[in-house]
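Working notes, structure below.
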Amino acid sequence: MMEQLLKTKKKKVILLLFFALGMQLMVYGPFVGKGFVTDDYEWIRNVVDKGKIDWLGPFDITTGFFRPMVGFSFALQYFLHGMNPAPYGWFNLILHIANILLVFLLLSSFDFTKPYAAATAFLFELNGKCNSMAVGWISGRTSLLFGFFLLLSFYLLVKQYKFQSARKGEKKEGFLKKILCYLPASLTYFGALLSKETAAAAPFFVFLSVL
């Protein structure tokens, strides 16, 4: 009986999540990628010179902030799509949907937050003022990329920590191997740092969570 209830609850959670994601496609899909505005041209100008892509440009040319991951994403999209704004907008929307999924997965990783994971992800996507700016404005991908890499880093960190905790008592791993286990989380956190400098505060919150 209990197993049946858990299966029913899981189905409801999955349905709620798919409904939430579908709603984002319906709300933002018709409006994303309709054109470039001032800051969008600035990002492209910093990585494209006379039609040629400067792949290292994002690392030595800034728009007032050091956010090379954002510049690199513009360079890659220019290489793939040129000046067609639609794919740039859809890239933002896909990032936004990925962030909703990551919020759900991250909260599902903890027993005390798991029951609220779907509802919280749903509330996260309802932040219309923030999301509409980040998704609808192509240069708003700064926040989306930052959020994606940071959430992914937290998720990978939690998964690896739980994996290591479950293996306590088994044969001890070497220090280097233990460090390398956390390499994916470290690399994605570095991606967050290169997307927005606000990520520098993340280790403080990780420290608070393990006190």
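When reading the values below, keep in mind they use all heavy atoms of this one structure, side chains included, and skip hydrogens, waters and symmetry mates. As the structure is a computational prediction, the values presented were derived from the model and not from experiment.
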**OP:** Would you kindly confirm whether Val70 and Leu80 end up in one hydrophobic cluster when ILVMFWY residues are joined by side chain heavy atoms under 4.5 Å apart?
**Re:** yes
**OP:** Would you sort out whether Leu157 and Thr188 count as a side-chain contact (heavy atoms from CB on, under 4.5 Å), showing the intermediate values?
**Re:** CA-CA 10 Å; Leu157 180 66; Thr188 47; over 6 Å; no
**OP:** Report the relative orientation of the aromatic rings in Phe72 and Trp55; use parallel for angles under 30°, tilted for 30 to 60°, perpendicular for over 60°.
**Re:** tilted
**OP:** Please lay out, stage by stage, how Ser132 and Tyr28 fare under the test side-chain contact (heavy atoms from CB on, under 4.5 Å).
**Re:** CA-CA 8 Å; Ser132 60; Tyr28 294 112; 4.0 Å; yes
Original post:
So which heavy atom on Phe149 is nearest to which on Met69, and how close?
Top reply: CE1-CG, 3.8 Å
Original post:
Would a 4.5 Å heavy-atom cut-off, applied to side chains only, mark Phe19 and Phe122 as touching?
Top reply: yes
Subject >> Nearest heavy atoms of Ala117 and Ser108, plus distance in Å >> reply: CB-OG, 3.3 Å
**OP:** Report yes if the side chains of Leu151 and Leu105 come closer than 4.5 Å at any heavy-atom pair, otherwise no.
**Re:** no
Original post:
Do the non-hydrogen side-chain atoms of Trp43 and Thr142 ever get within less than 4.5 Å of each other?
Top reply: yes
**OP:** Taking the side chain as every heavy atom from C-beta outward, state whether Met83 and Ile44 have any atom pair closer than 4.5 Å.
**Re:** yes
Original post:
Taking the side chain as C-beta and beyond, is there a heavy-atom pair between Ile53 and Tyr78 under 4.5 Å?
Top reply: yes
**OP:** Taking Asn92 for its side chain and Ala134 for its backbone only, find out whether a donor-acceptor pair lies under 3.5 Å.
**Re:** yes
**OP:** Compute both the distance and the angle, then confirm whether Arg141 meets the cation-pi test with Phe74: under 6.0 Å from the six-membered ring centre, within 45 degrees of the axis.
**Re:** yes
Original post:
Less than 4.5 Å apart, any side-chain heavy atom of Thr113 and any of Leu106?
Top reply: no
Original post:
What's the shortest heavy-atom distance between Lys196 and Ser143, and which atoms?
Top reply: NZ-OG, 3.5 Å
Original post:
Can you check whether Leu25 reaches Leu93 side chain to side chain, under 4.5 Å on heavy atoms?
Top reply: yes
**OP:** Please lay out, stage by stage, how Tyr116 and Leu107 fare under the test side-chain contact (heavy atoms from CB on, under 4.5 Å).
**Re:** CA-CA 8 Å; Tyr116 316 106; Leu107 293 177; over 6 Å; no
Original post:
Looking at Leu150, Ile94, Leu144, which one forms a side-chain contact (heavy atoms from CB on, under 4.5 Å) with Asn99?
Top reply: Leu144
Subject >> Minimum-distance pair of heavy atoms, taken over all atoms of Phe66 and Pro58 >> reply: CE1-O, 4.3 Å
**OP:** Before giving the answer on side-chain contact (heavy atoms from CB on, under 4.5 Å), spell out for Phe146 and Thr198 the whole-Å C-alpha distance, their side-chain angles and the decisive distance to 0.1 Å.
**Re:** CA-CA 8 Å; Phe146 156 71; Thr198 314; 4.1 Å; yes
Subject >> Closest heavy-atom pair and its distance - Ala199, Tyr189 >> reply: O-OH, 2.8 Å
Original post:
For the side chain of Gln77 and the backbone of Pro87, is there at least one donor-acceptor N/O pair under 3.5 Å apart?
Top reply: yes
Subject >> Transitive ILVMFWY side-chain link Phe65 to Leu56, under 4.5 Å >> reply: no
Original post:
When rounded to the nearest 0.5 angstrom, what is the spacing between CG in Leu156 and CG in Leu187?
Top reply: 10.0 Å
**OP:** Check Phe36 against Pro85 and note the closest heavy-atom contact, atom names and distance.
**Re:** CZ-CA, 3.6 Å
